[in-house]
Amino acid sequence: MRDGPARYSEKVMEHFKNPRNVGEIENPDGVGQVGNPVCGDIMELYIRVNESIITEAKFKTFGCGAAIATSSMVTELVKGKSVEDALKISNRAVAEALGGLPSVKMHCSVLAEEALKSALEDYLSKSKR
Amino acid sequence: MRDGPARYSEKVMEHFKNPRNVGEIENPDGVGQVGNPVCGDIMELYIRVNESIITEAKFKTFGCGAAIATSSMVTELVKGKSVEDALKISNRAVAEALGGLPSVKMHCSVLAEEALKSALEDYLSKSKR
Amino acid sequence: MKRIFLDHAATTPVHPEVVKAMLPYFTGAFGNPSSIYSYGQEAKVAVEKARAKVAGFIGAKSEEVIFTGGGTEADNFALKGIALANEHKGNHLITTSIEHHAVIETCKFLERRGGFKVTYLPVDGYGLVDPQEVKKAITNKTILVSVMHANNEIGTIQPIDEISKYVKEAGILFHTDAVQTVGHIPVNVDELGVDLLSISVHKLYGPKGVGALYIRRGTRISPFVHGGEQERGRRAGTENVPGIVGLSKAIELARQEMSEEAKRLACLRDRLIQCLLENLDYVHLNGHPFRRLPNNVNVSVDFVEGESMLLNLDLENICASTGSACSSSSLEPSHVLRALGLPPEQAHGSLRFTLGRENTADEIDQVVEVLSRIVTRLRVMSPLFKNSRAAEQERNKCVMDRHGTAKK
Amino acid sequence: MKRIFLDHAATTPVHPEVVKAMLPYFTGAFGNPSSIYSYGQEAKVAVEKARAKVAGFIGAKSEEVIFTGGGTEADNFALKGIALANEHKGNHLITTSIEHHAVIETCKFLERRGGFKVTYLPVDGYGLVDPQEVKKAITNKTILVSVMHANNEIGTIQPIDEISKYVKEAGILFHTDAVQTVGHIPVNVDELGVDLLSISVHKLYGPKGVGALYIRRGTRISPFVHGGEQERGRRAGTENVPGIVGLSKAIELARQEMSEEAKRLACLRDRLIQCLLENLDYVHLNGHPFRRLPNNVNVSVDFVEGESMLLNLDLENICASTGSACSSSSLEPSHVLRALGLPPEQAHGSLRFTLGRENTADEIDQVVEVLSRIVTRLRVMSPLFKNSRAAEQERNKCVMDRHGTAKK
Ligand SMILES: Cc1ncc(COP(=O)(O)O)c(C=O)c1O
Ligand SMILES: Cc1ncc(COP(=O)(O)O)c(C=O)c1O
């Protein structure tokens, strides 16, 4: 918390400026919603799964630049991955894919990981039924 | 003591640059010595008195700019005065004659007054004998 | 696009004339004011002239103005200095919940380490402190009340003179942090009725790293920086001569231009507020509708987060802020907006625009246009907007239903 | 006559290149480093570059350097910050009797108000602290030792590395006031073995009102100025960006020129010392004959008082000093000279010449010539000189008498 203001990598800014996969999926196979307004970040992540492969991912995010960029990046990362592999995506992987995050913003990558996990669990619990 | 460094009036500087009546009087009618090296000021004042009139005054001073200027001024002030009148010369009078002194330097005018008093007393005690 | 700087409450460019006034004291007249040769004395004279100018501007005497290393130091000096010098009288301080960190963190330090108790008074929805609340909070242990003149985030101007009455009645010392007001609106220590007043000049087209503390004659206060006898032994350290000269030049310029400039800025401010409220839905003004600094606009934009707006504005070369610049590394929403009672989403969605000397009406219009675009874009991305729209549609439907029912 | 400035230990002119480096940060890149838009970030980058440069120069890591409002603040921060953060460990500090007021007055404050006990170690006739004395003074209550690197009045350089051994052995923190050494002689925090080190840059052709404190990683220290999160929460207040940039530029120049310049100055210094001792009777060098700053000359001129010499020098456009510039408003002779054991007349008769970048051998010769004239003139006025001459004649007579007796 003592790092001073955030300075973002070019990659973060690129995803912030042109976020990929913004939106919702109608009747998604999995949805995850994490965060809360008190903290200033809310992420919703939607996935479509076909034969255990994630074919589509979309997000809606209320949050800072890093929250938007990590949302965008995580949706990119999961596309085409198996559910099993997607479950292994860590917050560090998201941050690294973005060329790093300021330490005060690492929690956004955690949020992205959690949103993804939550969507995957939603899918898994639904598919069990 | 909290006034910052001394800033002297033009008059003080004038007397400092060209002190009047520097020196000693051989066989003076009165001598006063005041101050001590610990305080950084020593003044010696010599007077010659003729029929109760101070005809000559000289000084030797170890001290700061103000000490030298007040020494010079006090010797000027007493010349031609009666012993009685000279006894009335106060430190303020010396300071005023110099166009004022910085408050941290007022003690120099006190020293000048004391040197004069001491020389006059010396004269008076001698003349009683 | 040319940069549009709308963050003058964070800092300002140094006025070219101020730089010009400072320059000789770096190289030519670089003497140390404590030196006795005439060369140091020139620097001393410059410092004393500056002191007289600053004092004159706030209705004080020269010897009541002590130069410091900025506004934060002035606040620290005031609070710690008074606390230390008066602890035999009591251990209670009163301040508000919307002070700058420089005051709040110093109070917390005094609580933690100094055995002091501090009352943080609430404010109303506009950010105003109720003088009656101050009165009620005073105990026989209270030694100091500190209420900022105007708030740096929302611009609300406090009724310092009214508060002063109660403080003086109780025989207590009164400090105000006037960092955001000196040179922007009239400040007179006697009219305000304060014993201590903090000044920083980088908010006023002067240099960073220099400020002043007004200390009413006869006020017992401990020095904050110990050492040499500079500033009458109250603030040791070789004087920042160019900085002090710059401070006084900035004050001189403010004296000449302040009243005209305040009028001009208030117009721009009102234009910006009006356009924002008209052009964007779900936008709320934070702070007081008219008891506010002439250059301050603070709004909350529903459903979108402040930093993401700021970054987008920055991409279009517009500088603004979300709450105090100092707090931008914290993840907590601004303590000031929370004290107003704003729900967290709105606190997170706040934007502050603070206008200055070079801003024009044209720029204001550009900002509104750019921000509208940004907000629309971000709202599309926002789950809150969607939910709220859904909720609203729901609500509308209900209303229609009810109307329908009623009609039946 | 052109001015001859020989008071570089009091302050220095800002180097034109330093001014040039600072200028853009007043007007162009005036952003607040705490702001998140790119404009503030430019200022932040400048500050961090400066930090890295300063750290590199003293062998530290960037995060170990905190910018302050000058050397006095750095000293206050070090002593008060360590005292406050470590009072649970003990309440004893060790320092010397020849520290700058910034350290001595802070120690006195901690004694008066903080419940601390302070040992002020004596020095020998050259102004050297005996490392054994430091060792002996350490108790199980000692939390900090503070010994200045070089003294500002007499220029004596302390054996900091030797002292450090004993301090480290005892597991105690070690601070040094290096205001007079950084940029003048090599300073490396690991070689010196210190945990804290104070820097001021107006002694180094940098601006007044900015300095730094080195704090070794892992050192527990309380913030001195509370407020925003600048300087990792250790020193709140909007950063003096131009000042910090100026500091680092001055350090950069020193890095390039220091070793050559120190040699040059040491030559001039020795020439001045030699000429003074040769051309004037009854003159003594104060301080150490060779463990001294390359630019420091401090002499006592018997029978005449320092201020009267200074004023006369000033009338001939020569700037010097008598003891620390800070103490010139005090009537007490310098505490440093008293600590050397000088009799009061000699302490009152001290003159300090501190050389710098622009001084030449020619100037040195002029100063000697002018001072000889002044001293002769003042001695004629001095009752001490007369007495001493009388005493000497008396003594000579006695000697002759005794010789006469012996011959018989
Ligand atoms: C109300 C208020 N008080 C104090 C400060 C601190 O002043 P400075 O930045 O000079 O330390 C600021 C600005 O940051 C402010 O807005
Ligand atoms: C040894 C020493 N320490 C501390 C200081 C104080 O530094 P500043 O003038 O930057 O406050 C000085 C100079 O005055 C000094 O010579």
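What you see is a predicted model, and the numbers here were worked out from it, not measured in a lab. Every chain is numbered from 1 and lettered A, B, ... according to where its sequence line falls, protein lines coming before strand lines.
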Any side-chain heavy-atom pair of [X] and [Y] under 4.5 Å:
X	Y	answer
C:Ser200	D:Thr238	no
D:Thr27	C:Val19	yes
D:Val14	C:Tyr25	no
D:Pro207	C:Phe26	yes
C:Met22	D:Met22	no

Looking at [options], which has the largest count of heavy-atom pairs under 4.5 Å with chain D?
options	answer
C:Ala102, C:Pro223, C:Gly71	C:Ala102
C:Ile244, C:Asp314, C:Leu311	C:Asp314
C:Ala236, C:Gly70, C:Gly243	C:Ala236
C:Gly69, C:Ala320, C:Gly246, C:Gly206	C:Ala320
C:Glu87, C:Arg235, C:Lys208	C:Lys208

Could you look at [X] and say if it's the side chain, the backbone, both or neither that has a heavy atom under 4.5 Å from chain D?
X	value
C:Glu239	backbone
C:Ala29	neither
C:Tyr205	neither
C:Leu23	side chain
C:Thr12	backbone

Looking at [options], which one has more heavy-atom pairs under 4.5 Å with chain C than the rest?
options	result
D:His202, D:Lys108, D:His15, D:Glu73	D:His202
D:Gly237, D:Gly211, D:Gly28, D:Cys107	D:Gly237
D:Leu310, D:Leu84, D:Val103, D:Val241	D:Leu84
D:Asn76, D:Val18, D:Ile104	D:Asn76
D:Pro16, D:Gly31, D:Pro242	D:Gly31

Ignoring hydrogens, what is the shortest heavy-atom contact between [X] and [Y]? Give both atom names and the distance.
X	Y	result
D:His101	C:Gly228	CB-N, 3.7 Å
C:Arg3	D:Phe30	NH2-CE2, 4.1 Å
D:Arg113	C:Ser222	NH1-OG, 4.4 Å
C:Asp7	D:Ser35	OD2-OG, 3.6 Å

So, C:Lys80 and D:His226: side-chain donor and acceptor under 3.5 Å apart, yes or no? yes

Please check this pair: side chain of D:Asn32 against backbone of C:Thr11, looking for a donor-acceptor N/O pair closer than 3.5 Å. no

Tell me if the CD atom of C:Glu48 is crowded by more than 12 foreign heavy atoms within 6.0 Å. yes

Take a 6.0 Å sphere around CD of D:Glu111 and say whether it holds more than 12 heavy atoms from other residues, nucleotides or ligands. yes

